[in-house]
Amino acid sequence: QVQLVESGGGLVQPGGSLRLSCAASGSFFSINAMGWYRQAPGKEREMVAIITRGGSTNYADSVKGRFTISREYLQMNSLKPEDTAVYYCNAVASGPWGHDRLYWGQGTQVTVSS
């Protein structure tokens, strides 16, 4: 079992920056991929950025050049009002259960507004 807790969300003005972190705990062998998704009111959840254990990354077109993902955090720069959403951390973990499983955090609110 893996527990994920996001932190770093908050209120920021357009053009500002935030750094989101995801802390993982539990009985697992390794985290093989980390990702961030977001969901705005009335919208479907969408992928923001993903990083694999080997360091490969993938970004949504809407955040390329502004967001940077690492295994420790999601750095968000040049924030826009349309970035406002609840941001969720996810992780693909291997453990004693014998195969990879996908876990989700509870989310952290990011609000970009003047």
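One-based numbering along the sequence shown.
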Checklist line | With sequence neighbours excluded, residues passing side chain to side chain contact (heavy atoms under 4.5 Å, CB included) with A93 | finding: V2, F28, I31, W97, Y103
Note to self: Test: disulfide bond (SG atoms under 2.5 Å apart). Region: residues 5-110. Which pairs qualify, not counting sequence neighbours?
What the structure shows: C22-C89
Check: Looking at residues at least two apart in the chain, or sitting in another chain, which of them share a side chain to side chain contact (heavy atoms under 4.5 Å, CB included) with S17?
Finding: Q75, N77
Notebook entry, point to check: Quick one: ring-ring contact (aromatic ring centres under 6.0 Å, His included) pairs with a partner in residues 35-59, sequence neighbours left out?
Noted result: Y37-W104
Margin query: If the condition is salt bridge (charged side-chain N to carboxylate O under 4.0 Å, His left out), which residues does R71 pass it with, not counting sequence neighbours?
Written below: none
Check: Remaining members of L11's ILVMFWY cluster at a side-chain heavy-atom cut-off under 4.5 Å?
Finding: none
Next item on the list: Write out all pairs satisfying disulfide bond (SG atoms under 2.5 Å apart) with one or both partners inside residues 30-65, taking only residues at least two apart or from two chains.
Entry: none
Notebook entry, point to check: What pairs meet the salt bridge (Lys or Arg N to Asp or Glu O under 4.0 Å) rule with one or both residues in residues 99-114, with sequence neighbours excluded?
Noted result: none
Check: How would you list, by chain and number, every residue that makes a side chain to side chain donor-acceptor pair (under 3.5 Å) with K43, sequence neighbours excluded?
Finding: none
Check: Does NZ or CZ of R45 come closer than 6.0 Å to the centre of the six-membered ring of Y88, within 45° of the ring's axis?
Finding: yes
Note to self: Test of understanding: with side chain to side chain contact (heavy atoms under 4.5 Å, CB included), list the residues that count as partners of S21, not counting sequence neighbours.
What the structure shows: S7, Y73
Notebook entry, point to check: V112: what forms a side chain to side chain contact (heavy atoms under 4.5 Å, CB included) with it, not counting sequence neighbours?
Noted result: V12, P14, L79, P81, D83, T84, V110
Checklist line | For E72, all residues meeting salt bridge (charged side-chain N to carboxylate O under 4.0 Å, His left out), sequence neighbours excluded | finding: none
